Amino acid sequence: MTQTFAIDLLYWRDIKQTGIVFGSLLLLLFSLTQFSVVSVVAYLALAGLSATISFRIYKSVLQAVQKTDEGHPFKAYLEMEMNLSQDQIQKYTDCLQLYVNSTVKELRRLFLVQDLVDSLKFAVLMWLLTYVGALFNGLTLLIMAVVSMFTLPVVYDKYQAQIDQYLGLVRTHINTVVAKIQAKIPGAKRKAE
């Protein structure tokens with residue numbers, strides 16, 4: 001269900017819901033560019049508390065004027081069960097452990113040069129990231145990632161044929177260049193596919 005919800009958000013199937021999520025994420029990220037994380041969290045908490053306290057006081061005054069006894073306006077939420085079960089915690093922990101172990105294994109393989117070509121590709125990627133880091137800070141990259149996450153799936157869905165055609169050309173060209181480079185590096189023969 002969560003995966004379907006995320007896909008529906010990214011493909012803008014419910015425009016109102018996606019707009020709220022997208023706008024909230026961008027507002028949070030732009031706020032973080034101007035204020036510290038502590039300040040943003042504090043302001044969000046104050047805004048939430050202001051809304052809930054105001055609503056509680058409003059309902060209490062309304063009940064006093066109308067002489068009704070509706071009870072606490074958030075009673076349903078206060079009685080809602082919000083605990084994670086042991087099974088849920090175990091499932092998420094196992095998933096996290098799988099990702100951490102595979103990441104550590106891959107980094108060990110790259111840093112200890114198990115495959116020269118893969119380690120060189122990783123080195124080039126890290127070198128390129130030094131330039132990206134010099135141009136953008138992490139928050140700007142996160143903002144760009146959120147905007148891309150909400151726009152690229154829709155653009156790809158609309159122009160899939162043209163994009164696939166050009167990506168095929170780029171992939172062919174890259175494979176040709178990589179094959180030429182691998183042919184010139186001793187001990188870096190192409191893996192059997």
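Predicted model only: the values in this text are computed from it and were never measured. Heavy-atom basis, side chains included; hydrogens, waters and symmetry copies ignored.
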May I have the list of side-chain donor-acceptor pairs in residues 67-79 shorter than 3.5 Å, sequence neighbours left out?
| unit_1 | atom_1 | unit_2 | atom_2 | d |
| --- | --- | --- | --- | --- |
| H72 | ND1 | F74 | N | 3.0 |
| H72 | NE2 | R56 | NH1 | 2.9 |

Show me the side-chain donor-acceptor pairs of residues 121-138 shorter than 3.5 Å, one per line, residues at least two apart or across chains.
| unit_1 | atom_1 | unit_2 | atom_2 | d |
| --- | --- | --- | --- | --- |
| T130 | OG1 | W127 | O | 2.4 |
| N137 | OD1 | L139 | N | 3.1 |
| N137 | OD1 | T140 | N | 2.8 |
| N137 | OD1 | T140 | OG1 | 2.9 |

List the atom pairs, donor and acceptor, that lie under 3.5 Å between side-chain atoms in residues 15-25 and the rest of the protein, sequence neighbours left out.
| unit_1 | atom_1 | unit_2 | atom_2 | d |
| --- | --- | --- | --- | --- |
| T18 | OG1 | L9 | O | 3.1 |
| T18 | OG1 | D14 | O | 3.1 |
| S24 | OG | I20 | O | 2.7 |

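The side chain to side chain donor-acceptor pair (under 3.5 Å) check on Q90 picks up D94, with sequence neighbours excluded. In terms of the side-chain contact (heavy atoms from CB on, under 4.5 Å) criterion, S102 has no residue partners (sequence neighbours excluded). Looking at residues two or more places apart in sequence or on another chain, you find a side-chain contact (heavy atoms from CB on, under 4.5 Å) between V113 and L116, S119. Every side chain to side chain donor-acceptor pair (under 3.5 Å) that E106 has, sequence neighbours left out, goes to R109. With sequence neighbours excluded, the residues satisfying side chain to side chain donor-acceptor pair (under 3.5 Å) with E81 are N83. Legend: residues meeting side chain to side chain donor-acceptor pair (under 3.5 Å) with D87, ordered by chain and number and at least two apart, are absent.
For the pair W12 (side chain) and T151 (backbone), a donor-acceptor distance under 3.5 Å is absent.
A side-chain contact (heavy atoms from CB on, under 4.5 Å) with V177 is found for one member of N175, I174, I181 and no other, namely I181.
Of the inter-residue distances, the one linking Q86 atom CD with Q88 atom CD reads 10.5 Å to the nearest 0.5 angstrom. In this structure, L96 CG and K91 NZ are separated by 13.5 Å, a value rounded to the nearest 0.5 Å. In this structure, L152 CG and I163 CD1 are separated by 8.0 Å, a value rounded to the nearest 0.5 Å. Considering CD of Q63 and OH of Y58, their distance stands at 11.0 Å, rounded to 0.5 Å. A distance of 9.0 Å separates CD in Q114 from NZ in K105, rounded to the nearest 0.5 Å. Taking CD1 of I57 as the start and CG of L62 as the end, the distance is 13.5 Å to the nearest 0.5 Å.
In terms of hydrophobic clustering, with Ile, Leu, Val, Met, Phe, Trp and Tyr side chains grouped at heavy-atom distances under 4.5 Å, M144 and M149 are assigned to different clusters. A continuous path of Ile, Leu, Val, Met, Phe, Trp and Tyr side chains, each step under 4.5 Å between heavy atoms, connects L26 with V40, placing both in one hydrophobic cluster. Put simply, L28 and I143 are part of the same group of oily side chains (I, L, V, M, F, W, Y) that touch within less than 4.5 Å, one to the next. Under the 4.5 Å side-chain contact rule for hydrophobic residues, F35 and L27 do not share a cluster.
In this structure, S148 and P153 approach most closely via the heavy-atom pair O-CD, 3.7 Å. When every heavy atom of L110 is checked against every heavy atom of D118, the shortest pair comes out as CD2-O, 3.6 Å. Taking every heavy atom of both residues into account, V154 and L10 meet most closely at CG2-O, 3.7 Å.
When hydrophobic side chains of Ile, Leu, Val, Met, Phe, Trp and Tyr are connected at separations under 4.5 Å, I89 ends up clustered with L84.
Counting only residues at least two apart or in different chains, ring pair (Phe, Tyr, Trp, His ring centres under 6.0 Å) contacts with residues 155-175 are absent. Pairs of residues two or more places apart, or lying in two chains, that qualify as side chain to side chain donor-acceptor pair (under 3.5 Å) and include a residue from residues 26-52 are S36-S39.
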